Amino acid sequence: MSKPNIMEYSYYPGCSLHASAGEYDLSTRELFKVLGIGLTEVPDWFCCGATPAHNVDELLSLSLCAKNLELADKVEGDLAVACAACFSRLKTTQHVLAESDVKRKQVEKAIDAPLKLEGKVKHLLEILATDLGLERLAAAVNKPLSGLKVACYYGCLLTRPTDVTNLDCVEAPTIMERVIEAAGATTVPWSHRMECCGANFTLSRPGVVIQLTNAILDSAKAAGADCIMVGCPLCHGNLDIRQKEIEGVYNVEYALPVFYLTQLVGLATGLGPDKLGLDAMIVNPTPLLKEKQLL
Amino acid sequence: MQKFISEQNLNTLLDTLIAAGTRVVAPRMNAGTPLYEPLTSAAEMITDQLPRRSAKEAFFPVCEDIMTYEKEGQKVTVTDIDPSRFPETVLVGVRPCDAVAIPVLDAVFSWDYKDEFFLERRKKTTIVGLACTTADDACFCTAVGLSPDETKGSDLFLTPLEDGGYDCRTYSEKGETLVNRYPQLFSEPTGSKAVPLAEPQIEKFDLKKVKAWLDENFENPDWDSIATRCVGCGACAFVCPACHCFDIVDEGTEKAGKRRKNWDACGFSKFTNHASGHNPRDQQPKRYRNRIMHKFKYYDDKFGQTLCSGCGRCIRVCPVGIDIAQIVEEINKKDI
Amino acid sequence: MSRIGVFICHCGENISRTVDVERVAQEVGKLPGVAFSTDYKYMCSDPGQNLLKKAIQDQKLSHIVVAACSPRMHEKTFRKAVEAAGLNPFLCEMANIREHCSWVHENKEEATVKAVEIVGMMVERVKKNRVLPTITVPVTKRALVIGGGIAGIQAALDIADCGHEVILVEREPSIGGHMAQLSETFPTLDCSQCIMTPKMVDVANHPRIKLYTYSEIELVEGYIGNFQVTIKRKARSVNEDTCTGCGVCMEKCPVRKIPNKFDCNLGMRPAIYVPFPQAVPNTPVIDRENCIKFKTGKCGLCQKVCGPGAVDYEQEDSLVVEAVGAIVVATGFDLYTIDEKPKGSAIKGYGEFGHGKIPDVIDGMTFERLASASGPTGGKILRPSDGREPKQIVFIQCIGSRAREKGISYCSKVCCMYTAKHTMLYHHKVHDGQAYVFFMDARTPGKSYDEFWRRSIEEEEAVYIRGMVSRLYQKGDKIVVMGSDIAVGVQVEIEADMVVLATAVQPQKGADLLAQKLGISYDKYNFYSEAHAKLRPVECATAGIYLAGACQGPKDIPETVGQASAAAAKVMTLFSKDKLEREPIVARVKESGCVGCFACKKVCAYGAVEEKEIRDRQGNLIKTVAFVNPGVCAGCGTCQATCPSKCVELDGYTDEQVIAMIEAL
Amino acid sequence: MKKKKMIISQETMDVDFVRKVEALSGTSVRRCFQCGKCSAGCPMGTFMEHPPNRVVRLLQLGQWQRVLAGRSIWYCASCETCSTRCPNKVHLASIMDALRKLSWDAEGASKESYVQLANKLFLQNIRTYGRQYEMRLAAVFNVKSGQFLKDLMLGPKLFAKGKLKVFHSKNKNMSEIEKIFTRIEEMRKKGEAL
Amino acid sequence: MTKPIDTSIYTAVTDAIRTEAQRILSEGQVSAIVGYAAARRKGSAQPIVISQPDDAAKLIFTPACVNNLAVYLTKAKKEIPKSGKIGIVVKGCDLKALSGLMGESQLKREDIYLIGVPCAGVLASTVQPATELTTDSIAPKCTECDAHLPTGCDFVPAQTPVAADLEKKYAAEITRLEALTPAERWAYWKEQFSKCIKCYACRQVCPFCFCEQCLCDRNKPQMVDTTPRPAGNTAWHIVRAMHLAGRCAGCAECERVCPMDIPLNLLNRKMAKELKELYDHEAGFEVLDKGPLNMFTEKDDQSFIK
Amino acid sequence: MHSEKQKHTFEPKIIAFVCTWCTYAGADLAGTSRMQYPSNVRVLKFPCTGRIDPVFILKAFQQGADGVLVSGCHPGDCHYIAGNFHARRRFAVFRKLLEFVGVDLNRLQFSWVSAAEGGKWVEVVTDLTEKVRAMGPMTEFKELAMEEQWSGAIDTPELKEAYNQI
């Protein structure tokens, strides 16, 4: 497969990256600059509807995503998506509308425009692992994350359901591990890589979230991880922001910094903390990074 | 006899004939295609288009029954078709290139065997010709020595006039009889100018020279290049006013059936297929050669006439663009 | 001109009650070509048949129509009578005026008119009938059996015991198949080896069985009674004739750490090996991929130590051609492996079960080897990871089976029973252990089967949990089993020491390729298709080829052995005659008109249409046309209806005959 | 309703409802053969009164009222684990979506109100702002659910980290989003969509 | 409204065809090439077979190049020089027929050299050959063309045809006829078939009518009346449509050449439509092992069977 | 069931093309069970529906059939593995063609009748007969058979009368 020298993508950050996950947005833009990958934000993109929309109104969810795909079609390049939930919704929309004529027609009517389903939607991980390629990624690393033991957390939506996201093997993905190993880190095998954190209930049923997230943190800690890496602002929200609260509830201490993949890879390429938004993290990563001589 | 007939009177004439039980055959549209067909009303007649098939079928139908048979036990009963049952017919609006071919066909149908079916229809049909005022680049009547106002073959001949109506001249007793039957519809000539005739854009062939070349060149490599592209359909022969080959087949069941005469074409691969399976014209160029030979040599040898009136129909319908005028033109240019 | 004789039967009163038979005879007598027409009370009786025969001779009749009952009843009778009178039997047709007329109509006038028309139709048809010669095919009375598992062994022994030669071909170095791997067998818990090895030895010693192990079918040509089979004998590197099976070579081989496939990779074997000690033939084979001699040219130890000098590094693959009259396909099954992608599935295996990465998650066959006295642990149930005895063991059924999503929607039929057996074997060997079984439905039809399953629960104390497992993961040295019990409606979690997956039964890899060589059909999973699911369950649609065992679909041992003997019986039936006679209702190609589009070949379900080159006297190719092999053609006529130029005709049902009938109406 | 005897008859088997679910979800309900694998892996299984397999079973029996009356469908996290692992290609996550949609159509048949409220607010936010306005979402939810002090401890911290923004930029093309909502509403009114 | 159709690339296409033809003939890659050449009548074109490199200059591509030359590789192939490969100039629609012929063992890909033509459309049979190509004068088949650019050829001039967006004439007419009652449809076809004179031009130009012995020429038995009477004509056209079902790729030659203007391609398109709906079959560039009527699936529609 | 007393002005001619293994045997069973059905049907036996050429259906209509029945084995039961599957496709397409040229498909019936379905045979035959009886004669093909190209027509009164009598 030929890889063009200059890569250009349209970019769909998603709502969180413009709010609670600002550091993900920042680190993504900075990292891609370093890697020589162009990102052009889709003008006037809308919320993809996320889980709440498809939860109660699939047609609305499909229409919102279809509208965003139409907007994205106007920008050169495949569509780069940072948030696992947005990624899942956009891919699901492409999949569902390609399969069902009935829904296709309804959505066309709802957005009053022809569908643009052919464009490629890619999660940042795919861009790093496949489009850029691990070799070139490794070549861009000048501060390898040696000695850092990372638990890669996929969550639910990066790989599921089968046949939709096609990011990696649905039950035993390795793409996060491959990316971060290319940045010099060590990954730990652990059991809860793909268990649900309950993101959907962050607002409505925080109790549920705390229970589910605790199991994930517990498993990562037991596997000997120094930190957790995520590719989704919703997972991040639960693992990072609620970590203190969970420690309180269960009377444990995790102290596991939760990084976005772009923050860790960015670190490896030599980007400074200000360009990675490390100060926005609730669980302070500085002691760990200092200990591993990465800061 | 020279007369004038207005368009309206011509229509009245035809409607009167139809009402009187005479079959009136003239160009009309059938499902989008102009054909010589029996009219139910004069209004159906069209004069501005050359019918896709020629007028020969008024005498030599596409298909006709020539006898019927019935079987019971070991007994077979045969019933002949009685030609006297054919209706009186007036054939109107016939183009000169069609009309001229009819007497040419008389020769073959009344030669060693008198074809009752053809001759009886011929006897009962009055032909009203119509001068031709438009031509396309497939027309070549002038090249074979005819013209758009050729009257040969017509009993009555109409020439459209610039001020409307037709100049009307009789060329046979049948023509005169028709005029005399309805004298009130005809008036004296007006002296009005005729509409300019069609002018086919082609030089006249030297048909003698063409025949002379054909006489010597039954075997010639040029036939291959002329006719390799021929796909062997019968379109050219079937639309031709002069082609007259036919085939006789029996159709029916064990108990009853009919013997029928159908148009046939020398382009068909089975045309000369022997019962043994041998086919003397085993390749398409040989078949196409026969078409040219028959028109410009064999018929001339036998009856002293050329079997082509330059109507251009075969050129227009040929699926693969074979152009008889071009072929004869090229033969005409050859050194002998 | 034909002289047709028409014979109207009264069938006692069955016909004459509603059909005026005399009037029919009279009316039909008027039809063109009918020379003689009469009626009689019982045409099928001796006097009736004699009447027919006499009329043929006296009236010099050329064609016969018998108007009576259904041809399905008496066509053979009358054709035989006609033949006895010197006419070709296929010049006789029957008009069905009983089942299709007198019995289904009450109005005598209507029935009579209809009868006249039915007979009239057959009169027109028979005029177009041609003399058809009976087709006979010689039969080679040797059978080929493909596959040396229990199915192939049983079929081969039965046929050979009946006095016919058998060629038995096995892909592996030894016969025995999967049954040789099993520890004990349900529902009686016999030792598999004890009942299997004697049969293997019988095969080896049978004077009429020629055994080709380590061999594969290369090419199959011909048709029923007359197959030519080319067999590839893979180079064994050991001369079978001179090897004594002493085993010194295997002891001396310096390569020792090759996982033994027979032991599900639990044990190790050398590069020169027999798959298991009881192998038949007991001749080792060199695994050239792992042999130092073949890899580097050095070593050669086995050759040096071999007394009889049987080791031959120069040996090459060779081809042998065998002529046989019948083929039994007994290629058996393969087990689904959890990280494999089944045919037609988009998904790669069962990642949620650890992708085969958790060492103590094993499949049922591995458990068999662990439980087998001749296995790598000597019959002790031990964990592959640390050799400890598992105290909590979880069995999960339906792995691969009944899983549309994984591309296998069928039930593998044997897993419920073998899992029940496993719980018993486990309980017998680990007295203080506990077995749990996750299952969807328990399917135990079969003699003494349900009792066996109940025994596993009631006496052997296995705990059955109705529900499936979502995921397995390693936690410390335990395997966490995340399941559910749908009866209770709760999630179940078990920390197990070992998990055994009851993986699905699948056809052998490459089963489709073999089917293509044989010209037999197979289903979407690659199981071979029988000619009729109910009435011809051991025959292939392709004449002369029979099926035995799990290659046709999941089967347990008793069923397999039963079907193998049935297939052998079919072969013996075929071999009971010297020549095969068949109705000449077969298709024929009119080569002069055939343009070689091979539409006929595309629709022929029997592979009866071949391509034939027509050449002139100088040998130049004129054209390639279709040719129907009359030995293979079954006479359905689909080819004729498909042929655009009607250049293939089905004798007995030609277009002329059909059109004549339509035109008679 | 939970403890009531289940009466099964042609009248109680509401096949139309099941067909609606199938149309919306694009997956078969009847295909499920109750292996229970969905329930085994469901992260929310312990919170539901009807485990996922039972939701499908009740649907198969046409007992949708029992399903909608419970909290189970609102406790589905949409993690797709069930759909991914179902041996039988039953897309249970989509069935859950369809059930929630139909539950709304049936006018709040369910007990679970917090999740529904969060969903409602989320969609309203999209309609009003085009993108999510996280801070407003949380604030309004707390007000409406009467949990004024919920997650109070998190607020200032997030604020300090720049994770909560008081001002939110609206999309420029808001009319388009409104049109999508109204067109869908119209289609439903006309019966062109479920 | 009549709009001109852009055929400006045809000049460059003609040049490219000539250069390629000259090259492959002089390099001996092919022994002959079937293409189009100008004919006597103004603007007209006709098939030509050339075997000399110098004759390459005779080749043209214009809107009058209507023929599907594939027919010359089947029935007429015996009369074309038989040694070596034969080159052929093909439009997309013609290429589909060639693919079909390959699937039916009438041709081998390796025996022919395909010179594909980027084509924006050709003229209807109802207009004079010199007419300008417009949305009105274009052949009806071109209004439904999905193969302006043939693929899988050995050579295709590097030109991109500008495909006009046209009303699909056959689809519209089929829809109209489908809406009629059976009696009205019967009346329509009866009128059309009554014109037929059994000249067999439709059969002779059809690449798929390659039978040596046409069913309709036989008399033992006589499945279809051979005489050109309405009964036999109707039977002939029904049988032909059935024989072409699943094979016809829509070159519409039968309709173009019919001297009696019978809309024969309507029958073929209707069959194609049904096969698409029933079995998702479409004739394309791909060479298929089996046509839709030489195969089946167990799940085929049988709603019409009791 | 068909009553013998009922008098009809029009007796349709029904031609049935059936396979020998299933439908012919099913019709035999109807006979041995002494079921009653209209006598209008004439049965042509084929080895398999796969042998039935669409041309036969056309020919039957041309020869004056008012209704045509094609019947064979149920899917999966074909004695010849798949002949009925091939036939099913062939006829699915052919009936669409006939419909398009204007044949009323109510006159053309396809069915699967097994050797055990004597009752179904009776039902299929009775239904078709009564349906066609209600529709009246199939005049289309008969008219065509009488018609000539105009130029071959002999417009005599006796021919016109024969035509009008169809």
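Keep in mind it's a predicted model, so treat the numbers as computed, not measured. Residue numbering restarts at 1 for every chain, and letters A, B, ... go by the order of the sequence lines.
Between the side chain of B:Gln201 and the backbone N or O of B:Glu199 there is at least one donor-acceptor pair closer than 3.5 Å. The closest donor-acceptor contact from the side chain of B:Arg316 to the backbone of B:Arg52 lies at 3.5 Å or more, if one exists at all. Distance alone, capped at 3.5 Å, places no donor-acceptor pair between the E:Thr14 side chain and the E:Ile60 backbone. Within the 3.5 Å criterion, the main-chain N or O of B:Glu251 finds no donor-acceptor partner in the side chain of B:Lys258.
Contact of B:Val249 with chain E is made through the side chain alone, with heavy-atom distances under 4.5 Å. Interface residue B:Arg260: only side-chain heavy atoms are found under 4.5 Å from chain E. At a 4.5 Å heavy-atom cutoff, the contact between B:Asp136 and chain E is made by side-chain atoms alone. For B:Val320, the parts lying under 4.5 angstrom from a heavy atom of chain E are both the backbone and the side chain. Both the backbone and the side chain of E:Glu191 have a heavy atom closer than 4.5 Å to some heavy atom of chain B. The part of E:Asn67 that comes within reach of chain B is its side chain, from C-beta onward, which places non-hydrogen atoms under 4.5 angstrom from that chain. E:Thr227 touches chain B through backbone and side chain together, each having a heavy atom under 4.5 Å away. Residue contact with chain E, scored on non-hydrogen atoms closer than 4.5 Å, involves the side chain of B:Lys270 exclusively. Contacts of B:Glu329 with chain E are made by side-chain atoms alone, with heavy-atom separations under 4.5 Å and no backbone atom involved. Both the backbone and the side chain of B:Ala138 come within contact range of chain E, with heavy atoms under 4.5 Å apart. When heavy atoms are compared at a cutoff of 4.5 Å, B:Ala235 approaches chain E by way of both its backbone and its side chain. Contacts between E:Gln128 and chain B at a heavy-atom distance below 4.5 Å involve the side chain alone, from C-beta outward. For chain E, the nearby part of B:Ile202 is the side chain; its heavy atoms alone come within less than 4.5 Å. Only the side chain of E:Arg256 comes within contact range of chain B, with heavy atoms under 4.5 Å apart. Proximity to chain B (any heavy atom under 4.5 Å) is shown, for E:Ser125, by neither the backbone nor the side chain. For chain B, the nearby part of E:Asp217 is the side chain; its heavy atoms alone come within less than 4.5 Å.
Of the residues considered (B:Asp323, B:Asp250, B:Val317, B:Asp224), B:Asp323 shows the highest number of contacts with chain E, using heavy-atom pairs under 4.5 Å. When B:Ala265, B:Gly234, B:Ala31, B:Ser225 are compared by the number of non-hydrogen pairs under 4.5 Å with chain E, B:Ala31 comes out ahead. Here B:Asp137 is the residue among B:Asp137, B:Asn262, B:Asp247 with the most heavy-atom pairs under 4.5 Å with chain E. Here E:Pro47 is the residue among E:Gly232, E:Pro47, E:Ala45, E:Ala39 with the most heavy-atom pairs under 4.5 Å with chain B. Listed options B:Cys318, B:Pro319, B:Gly321 were ranked by heavy-atom pairs under 4.5 angstrom with chain E; first place goes to B:Pro319.
A salt bridge does not link E:Arg269 to E:Glu255: none of the charged side-chain nitrogens sits closer than 4.0 Å to a carboxylate oxygen.
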Verdict with reasoning, B:Asp98 to B:Arg95, per salt bridge (charged side-chain N to carboxylate O under 4.0 Å, His left out):
CA-CA 5 Å; B:Asp98 280 343; B:Arg95 301 297 160 131; over 6 Å; no
Test B:Lys333 against B:Glu330 for salt bridge (charged side-chain N to carboxylate O under 4.0 Å, His left out), laying out the working first.
CA-CA 5 Å; B:Lys333 282 181 198 150; B:Glu330 274 165 19; over 6 Å; no
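Close placement of the E:Phe61 and E:Tyr10 rings is indicated, their centers lying within 6.0 Å of each other.
Geometrically, B:Lys261 engages B:Phe246 in a cation-pi contact, judged by NZ or CZ lying under 6.0 Å from the ring centre and within 45° of the ring axis. Remark: B:Arg53 fails to qualify as a cation-pi partner of B:Phe238 under the 6.0 Å distance and 45° angle criteria applied to the six-membered ring.
B:Ile327 places a side-chain heavy atom less than 4.5 Å from the side chain of B:Ile322.
Pairing each heavy atom of B:Thr272 with each of B:His274, the nearest pair is O-CD2, 3.1 Å.
A perpendicular orientation is assigned to the rings of B:His244 and B:His294, their planes being inclined by more than 60° (bins at 30° and 60°).
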